[in-house]
There are 2 protein chains.
Amino acid sequence: MIRTAIYGYGNLGRGVEYALSQTPDMELTAVFTRRDPASLEIHSDAPVYHIDRALSMTNDIDVMILCGGSATDLPEQTPAMAALFNVVDSFDTHAHIPQHFAAVNEAAQKSGKVAIISVGWDPGMFSVNRLYASSILPQGQFYTFWGKGVSQGHSDAIRRIPGVKDARQYTIPVESALEAVRSGSHPELTTRQKHTRECFVVAEEGADLAAIEKAIVTMPNYFDEYDTTVHFISEEELKRDHAGIPHGGFVIHTGKTGWNSEHNHVIEYSLKLDSNPEFTSSVLVAYARAAYRLQQEGQKGCKTVFDIAPAYLSPLPADELRAHLL
Amino acid sequence: MIRTAIYGYGNLGRGVEYALSQTPDMELTAVFTRRDPASLEIHSDAPVYHIDRALSMTNDIDVMILCGGSATDLPEQTPAMAALFNVVDSFDTHAHIPQHFAAVNEAAQKSGKVAIISVGWDPGMFSVNRLYASSILPQGQFYTFWGKGVSQGHSDAIRRIPGVKDARQYTIPVESALEAVRSGSHPELTTRQKHTRECFVVAEEGADLAAIEKAIVTMPNYFDEYDTTVHFISEEELKRDHAGIPHGGFVIHTGKTGWNSEHNHVIEYSLKLDSNPEFTSSVLVAYARAAYRLQQEGQKGCKTVFDIAPAYLSPLPADELRAHLL
């Protein structure tokens, strides 16, 4: 059994706990939290410890699964934990991946551990599909679309507007843009042409709805470059109809082959997820298995999904994979 | 430059030639044929040699790309060539992969070369997607659908019927079956429920059309378990409307997460290919790059797509991949 631990118990940590309950070869050794451990109710019977305790448990844990946020948690936690454990994280600030990689790699090279960063679906499974497709059809182009799904960052941005009590924002890919991409015409698409944004807003009593709507649709970076629809609904409606955290999206690559580039090909990968964090957690757990195995083979340092052969993700032995999945 | 050669110049070999013309880091050193080399017209300016000449060119070729057929060519050629070169092949008889792997592995372990077998889209990219999806969502199930596309084997079977001059057979996935699978209900689907078969047949003059149709739709293994439609058309129509070799298909995996398995997820990978052999060739070329690199790193023996980390397929360096594709 691969002994794993969860570092941070929010939506992602809970998702890892659920995902581990589906694995035949991995067990949950401990959950680490910054909160008072006694205050935490978890689903399984693993012990809950304060994060400080992790430092003394390097012999008890094969892989530490980091479940913090990308903004402030992971830039500190991943290098610190990679100095002690094999780790996986879901660092998803695309622009900062190179510097995160460098910091984690330095720690993991020194400790002789394996760290796999930016695991999830984007970055993660979407990245892998971009790489496969563009390697196979170099005379081509890929497009990434997100949604339909809840953007936590955009929902939070709406909640910060005066007069807003609660809000949920959906990112929605534009169907005609998807079709244009699938046609192989390699269209140039603006931000506005690729996605729309739909907002469900609970306003405080007596709030100026027109002012709220204007504040949303003109908000720089978040909404001004999109066609945005705003619906005002009651708190009950928000709870009833918008409680989930669904997401998903599409990576579509089209490319040409033939001596005169006369043949077109479409490679499409899509996800439709009822729970964004639980799917991300499931990817993290599969890559935690890989991190442990790679380190057992003598590897060390920071890796990404690009560096991991698919066979390392499965609990099945190589001959079974060849016989049944190839 | 990685020096590659093509072994066998049919549809697949031609496709490899085209794919190599799109790579910045690989060149075509030679084309080997069983035919009279002088009789072969190829598109690029590489020399054409008889296959016997390959034996004396082990220092001139980094990867031999094997383009023979799975029925009789590859079971002999791949082990023989793996004794001398790094090789890739597209062996696609699923049931015989374990024994092919064993034979090729023995040769490649002895020679210290890397052999990657069963490269293409199924087996190949479809296999990789089955593996990723089932590793991420173990409480789930995958389904593979093929088409719409031309099945060469079924077209040949029709051509062997007395009175048939030429024929083209399309395999078509059943839309309602795709939808049932995407719903996450894990339906049990019979062969008949998953695919239909559509045949375009050119009959000889005076042939008994009813007898031909009956011979097709009742043919054991090929058609009897399917709903099959037969259209009789003229030779001109066949040439005009059915000259291409399109194919494609879908790998759809649905699985559940959550403590009570309350969340459903759909992972879907699909291909829509204008030219089945040219796409397969493009995959072969990407994996030829991987075979060479792995052997340069000191690896040896037989591998499959499951054993190859995605980064090995791309001509781009790791830091660029992380910065732009992750």
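Naming convention: chains lettered A, B, ... in sequence-line order (proteins, then strands); numbering from 1 in each chain. What you are looking at is a predicted structure, and each value in this text was computed from that prediction instead of being measured.
Within residues 94-102 of chain B, the residues approaching chain A closer than 4.5 Å by heavy atoms are, in numerical order, H94(B), I97(B), P98(B), F101(B). Within residues 243-252 of chain B, no residue approaches chain A closer than 4.5 Å by heavy atoms.
Here the side chains of Y132(A) and L313(B) are in contact, with some heavy-atom distance below 4.5 Å. Contact check for L325(B) versus S134(A): side-chain heavy atoms found under the 4.5 Å cut-off. Contact of the L321(A) side chain with the F306(B) side chain is registered, since non-hydrogen atoms from C-beta on lie closer than 4.5 Å. At a threshold of 4.5 Å between non-hydrogen side-chain atoms, the residues L271(A) and H265(B) do not count as touching. For the pair V266(B)/L273(A), no side-chain contact is recorded, criterion being any heavy-atom separation below 4.5 Å from C-beta on.
Here Q22(B) contributes atom CD and Q139(A) contributes atom CD; the two are 4.0 Å apart, rounded to the nearest 0.5 Å.
Side chain of D274(B) to main chain of H263(A): no donor-acceptor pair is present (N/O by atom type, distance under 3.5 Å, no hydrogens or angles).
Neither the backbone nor the side chain of V285(B) comes within less than 4.5 Å of any heavy atom in chain A. Neither the backbone nor the side chain of F126(B) comes within contact range of chain A; no heavy atom of the residue lies under 4.5 Å from a heavy atom of that chain. Contacts of S21(B) with chain A are made by side-chain atoms alone, with heavy-atom separations under 4.5 Å and no backbone atom involved.
Looking only at heavy-atom pairs under 4.5 Å with chain A, the residue among S314(B), S275(B), A286(B) that has the most is S275(B).
Listed here is the closest heavy atom pair of G258(A) and E278(B): N-OE1, 3.2 Å. Shown here for L326(B) and P123(A), the closest heavy-atom pair between the two residues is O-CB, 3.2 Å.
A tilted orientation is assigned to the rings of W259(B) and Y18(A), their planes being inclined by 30° to 60°.
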